[in-house]
Enquirer: 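So that we are looking at the same thing, I have put the structure below in C-alpha cells.
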Number of protein chains: 2
Amino acid sequence: MITMKQIAAETGVSVSTVSLVMNNRDQGRVKPETSRAIRRTAERLGYRPNPMARSLRTSRTGMLGFISEEVATTPYAGAIIKGAQDAASSLGYVLLTVSTDGSDRESDQIQALNRYGVDGFLYAKMYDQMVDLPAPLRSRPSVVVNAQEARNRCPSIAPDEFLIGYDATRHLIDSGCRRIAYLGTTQDLPAQTDRRRGYQAALLEAGLPDDPGLVCNVGFNQEALDAVNALMDRTSPDGFFCFNDSRSFYIYQAAAARHLSIGRDISLVGVDNHQVMAETTAPRLTTVELPHYEMGYWAARKLMDLIGDSDAATLPWPETLAPLPPIDAEEPVRIHCQLIAKDSTRADR
Amino acid sequence: MITMKQIAAETGVSVSTVSLVMNNRDQGRVKPETSRAIRRTAERLGYRPNPMARSLRTSRTGMLGFISEEVATTPYAGAIIKGAQDAASSLGYVLLTVSTDGSDRESDQIQALNRYGVDGFLYAKMYDQMVDLPAPLRSRPSVVVNAQEARNRCPSIAPDEFLIGYDATRHLIDSGCRRIAYLGTTQDLPAQTDRRRGYQAALLEAGLPDDPGLVCNVGFNQEALDAVNALMDRTSPDGFFCFNDSRSFYIYQAAAARHLSIGRDISLVGVDNHQVMAETTAPRLTTVELPHYEMGYWAARKLMDLIGDSDAATLPWPETLAPLPPIDAEEPVRIHCQLIAKDSTRADR
DNA sequence: CTGAAAGCGCTAACAC
DNA sequence: GTGTTAGCGCTTTCAG
C-alpha cells in the first residue's frame, strides 16, 4: 500500500499539499503545476487512499451496513444485495453485510456494524411487509428495502402490489382471456390483498364480471392441489394469475393431468415464478418480476444521498426497468413491476 | 463511541495500561487490582474497541472479503454468505461482500477489498467447478468455496459429487425401487459425471443391472420433456434420481400427465430441489441438500485459521450435517451430502 | 508494575 | 501557495 507520505517525498512537497490535491480541494490554493505533478506521481505509483486512516479523522468510512434476515432461504436476498452493491461500488462505497435470524442477535449485529463505522444502513426484508425500524437505526441514516416502515421513520422502497395485480390481469385480458382466475394465498399479507384489488380493478375496467368463484386462495400441498383441481373443473378458466411460484406449480400439475398445455390451452401469469419456469419457454407464460435488484440499487442510492454524498444524484437508474412488454411474444415475457418509494417521488422516475 | 482515553481518565491510569488490559496482555505486567478496576469501568461504560484505529497499527481489521459471482440469480449465494457470516461473527469478524459479474471488474473489487484492509478472502462460486484463484489473491490468505482450486493454491471446500449419486441411488434402492432412472444434464460438469458414477456404483453394489436405457441426459424445454416422456414410456422406472430442480420438474409434469403420483407410484430423489418442492409434502420424495451454508461456514472458519486466529479451532461445526435419514419417513426427507475439503482432513470431521 | 512518547495514514487549522 | 502542527483511537517500545 502506497501512502501520501511517499507521494509527498517523491514529488518534493508536503503531505498536506498532497492531501489537498487528492481530495480535489486545491482550487486556487495549490499552484496548478504542483497539483499536476502530484497527480502524476500518484498515478504513477498507483496511489489509493486508505479508507481506515481517513475515517479516523472524518468519521466516514464509505461502508454501508446491509442488514437482512433469513438470507439463507431465499434467492431474493442475493438480488437485493447485488443491486445495492452495484450502486455502492460505482460511488466507491462497499457493503458490510450481516444477516440476523435470531432476533436478539440483531442489535449485536447493528452494534458491530457501528463499531466498524458504517455510514448508514440498509434494512432489507425478504417479502413486502410492515416493519418497525430497529431503535438503534432510527438516529442513523437508514433505508428500508422491500418493506414499508410503519411510522415512516425513513425512506423505503417496495413493489407496487396493486399494480402487479392490475398489470398481470390486464396482460391476460389483452391476450384474449375472458375467464381469469386468481390463485392467491391464504396467508394474510399486504401483497395478497393489494394484488387481488388490482386484479378486480382490471376486470372491472375491461367490463368483465368479477366472479368470486374464480378467486381461489390456497395454502399448500394436497389440499391446495385439490382446491385447484376443483376450481378448474368448476369454472374452467382460460387464464390464471398466480400469487407466486408454488401457486403456479399447482396449476402446472393440474393442467398436466388434464393434458392441457400452458401457453396453448391456457395462459398463466405468475409472480416471480422464475424457479419453476426458469428454463421453460412457452408463449403466454408470463412472469411478473419482482425487481429485487432494482430495489437494492435504489435503496443504496437513496442511502448515499441521505449520508450527504452529492454524487448519489448522478447515479443512473438501472435500465432493466422497462415498460410493459408486447403481448404476442412467442417467448415467455416478463412484466417488470413498478415500485413505490416512500418519502420521495415514485421510484424517482 | 467510548474510547480507551475515557477509560483511562475515569480509572486514573494511562492509556497504555488500558490497552494492555483490554488485549489481555496484562499477565504479570499489570497489578491484578488495577486490571480489575480497568475492566470494571470498561464494562460499565460499555467500551468496544474501534477496529479502524486498531487496524492502523496492527494492519488487521477483522474483516473478511467475500467475493462471489452472479450472486443475483441463485438462492445459494445467500446460504453460503450466511454460513460464512455466522462463523465470522462468532469470532468477532465481519464480512465485506462484493459480487463480480463482469470479469474485468473482479480485480477492481479485489483492490477495493484490499484497500479496506480485509484480512483474507473467500472466493465463492455458484456451482462446483475448477477455478484458478485470481492472481491478486494468491499472495493472501484465501479459501475457495463450492469449487476446486485447479493448482491447489489454497484450501477449498466442495460437495462430494460421487457420494451424492451414491447416496441418492442407495436411498431409492433401500426404499424398494428396482428400476432406477438417472435424469442428468447434457452440460459438461464435474457434478454430472461424478454423480453418475456414484449412481452406477450403488446399482452395482446392490446387484442391480446398470441399464444404459435408464440413463437420460437432457437439456431444457420441450425437448427435455419429450425425452422424459419417452423414457417413462420405454422403461417405466419406479424411481428417479434427478440432477437438479428443473430435471425434477420434468418428471413432475410427465408423471402428472400419466396420473402418477410422486411418492405413491414412483419415488424421486432430486438434488437441491427445494424450489420445486419447498411447500410439498409427500413420502418418498427426497431432496439431496447441497450444504451451502456449511460450506460457507467451513470456509470462513478455515480462513480465520489461515489468518492466524487461534480461536478458529474452537468454533463448533454446525450441527446441521446429519447422517442419512430414515427411509420410511412419511414426510419428504433430506439427505445431507458430504463435503470434500482439500488441504485438510475431510471437512474436518 | 506503569506511563510517556512515537507513530499507523490521513485531515484540517493555522502559520508563514 | 505551501508547510507545520496537532490529533483521530489504538499499539508498542522503552524508561523509570
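All values below come from the heavy atoms of this structure, side chains included, with hydrogens, waters and symmetry mates left out. In what follows, chains carry the letters A, B, and so on, assigned in the order in which the sequence lines appear, proteins first and then strands, with residues in each chain numbered from 1.
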Enquirer: State whether the side chain of A:S59 and the backbone N or O of A:S55 hold a donor-acceptor pair below 3.5 Å, judged by distance alone.
Expert: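 No; judged by distance alone, with no hydrogens or angles, the pair does not exist.
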Enquirer: Is the phosphate of C:dT11 approached by A:S19 (side-chain N or O, under 4.0 Å from OP1 or OP2)?
Expert: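 True: A:S19 side-chain N/O within range (under 4.0 Å) of C:dT11 OP1/OP2.
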Enquirer: Over all heavy atoms of both residues, which pair between B:I307 and B:G120 is shortest? Give the atoms and the distance, please.
Expert: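 So the minimum-distance heavy-atom pair works out to CD1-N, 4.1 Å.
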Enquirer: Under 4.0 angstrom, heavy atoms only, what part of the nucleic acid is A:T34 near: base, sugar-phosphate, or nothing?
Expert: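 Contact class for A:T34: sugar-phosphate only.
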Enquirer: NA contact type, A:R29, heavy-atom cut-off 4.0 Å: base, sugar-phosphate, or nothing?
Expert: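 Result for A:R29 = base.
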Enquirer: Sub-3.5 Å donor-acceptor pair from the side chain of B:Q85 to the main-chain atoms of A:S99, do we have one?
Expert: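 Pair found, side chain donor or acceptor close to backbone of A:S99.
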Enquirer: Mapping B:T17 and A:L56 to their closest nucleotides on DNA chain D, which lands nearer the 5' end?
Expert: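 The residue closer to the strand's 5' end, by nearest nucleotide, is A:L56.
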Enquirer: Would you mind telling me which residue lines up with the more 5' stretch of DNA chain C, B:G12 or A:P49, judged by nearest nucleotide?
Expert: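 Result of the comparison: B:G12.
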Enquirer: Would you kindly give the CZ-to-P distance between B:R25 and C:dT2, to the nearest whole Å?
Expert: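 One finds 17 Å between P of C:dT2 and CZ of B:R25, rounded.
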Enquirer: Can you measure A:M1 atom CE to C:dG7 atom P for me and round it to whole angstrom units?
Expert: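 In whole Å, C:dG7 P and A:M1 CE are 23 Å from each other.
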Enquirer: Could you tell me the separation between the CE atom of A:M22 and the P atom of C:dA12, rounded to a whole number of Å?
Expert: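 Computing the A:M22:CE to C:dA12:P distance gives 15 Å.
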Enquirer: Listed by chain and number, what are the side-chain hydrogen bond (donor to acceptor under 3.5 Å, both in side chains) partners of A:S89, not counting sequence neighbours?
Expert: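 A:S89 satisfies side-chain hydrogen bond (donor to acceptor under 3.5 Å, both in side chains) with B:R105 once adjacent residues are dropped.
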Enquirer: What do you reckon, is CZ of A:R138 surrounded by more than 12 foreign heavy atoms closer than 6.0 Å?
Expert: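 Counting other residues, nucleotides and ligands, CZ of A:R138 exceeds 12 neighbours.
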Enquirer: Quick check: are there more than 12 heavy atoms from other residues, nucleotides or ligands sitting under 6.0 Å from CZ of B:R25?
Expert: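 Not more than 12 within 6.0 Å, no.
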Enquirer: What do the steps show when you test B:T17 against B:S14 for side-chain hydrogen bond (donor to acceptor under 3.5 Å, both in side chains), and what is the final call?
Expert: CA-CA 5 Å; B:T17 313; B:S14 83; 3.2 Å; yes
Enquirer: How long is the line joining CG of A:N50 and P of C:dC8, in whole Å?
Expert: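 Rounded to whole Å, this separation is 12 Å.
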Enquirer: Angle, rounded to 10°, between the helical axes spanning five pairs at each terminus of the helix from C:dC1-D:dG16 to C:dC16-D:dG1?
Expert: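 About 50° separates the two local helix axes.
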Enquirer: Can you measure A:I7 atom CD1 to C:dG9 atom C1' for me and round it to whole angstrom units?
Expert: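 Going from CD1 in A:I7 over to C1' in C:dG9 covers 12 Å.
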Enquirer: Measure from the side chain of B:S16, starting at C-beta and using heavy atoms only, and say which of C:dA5, C:dA12, C:dC10 lies closest.
Expert: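 Comparing C:dA5, C:dA12, C:dC10 against the side chain of B:S16, the answer is C:dA5.
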Enquirer: Is the shortest heavy-atom distance from the side chain of B:E106 to the side chain of B:V98 under 4.5 Å?
Expert: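 Side-chain contact under 4.5 Å: no.
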Enquirer: Under 4.0 angstrom, heavy atoms only, what part of the nucleic acid is B:N23 near: base, sugar-phosphate, or nothing?
Expert: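 Sugar-phosphate: the residue B:N23, judged by heavy atoms under 4.0 Å, touches backbone atoms but no base.
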Enquirer: On DNA chain C, compare the nucleotides closest to B:K31 and A:T58; which residue's is nearer the 5' end?
Expert: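 By nearest-heavy-atom nucleotide position, the 5'-most residue is B:K31.
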Enquirer: Using a heavy-atom cut-off of 4.0 Å to chain A, what are the terminal contacting nucleotides of DNA chain D, in 5' to 3' order?
Expert: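 Reading along DNA chain D, I get D:dG1 to D:dC8.
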Enquirer: Provide, to the nearest angstrom, the distance between the CZ atom belonging to A:R54 and the C1' atom belonging to C:dC8.
Expert: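 After rounding, the reported distance stands at 16 Å.
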Enquirer: For residues A:S68 and A:T97, determine if any side-chain heavy atom of one lies less than 4.5 Å from a side-chain heavy atom of the other.
Expert: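 In short, these two side chains do not touch, never coming nearer than 4.5 Å.
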Enquirer: Can you tell me the distance, in whole Å, between the CZ atom of B:R36 and the P atom of C:dT2?
Expert: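 These atoms are roughly 12 Å apart.
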Enquirer: Using 4.0 Å as the upper bound for N to carboxylate O, is an ion pair formed by A:D305 and A:R301?
Expert: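 Result for this pair is no, no salt bridge flagged.
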Enquirer: From CG of A:L20 over to C1' of C:dA15, roughly how many Å is that when rounded to an integer?
Expert: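 So the CG-C1' distance, A:L20 to C:dA15, works out to 14 Å.
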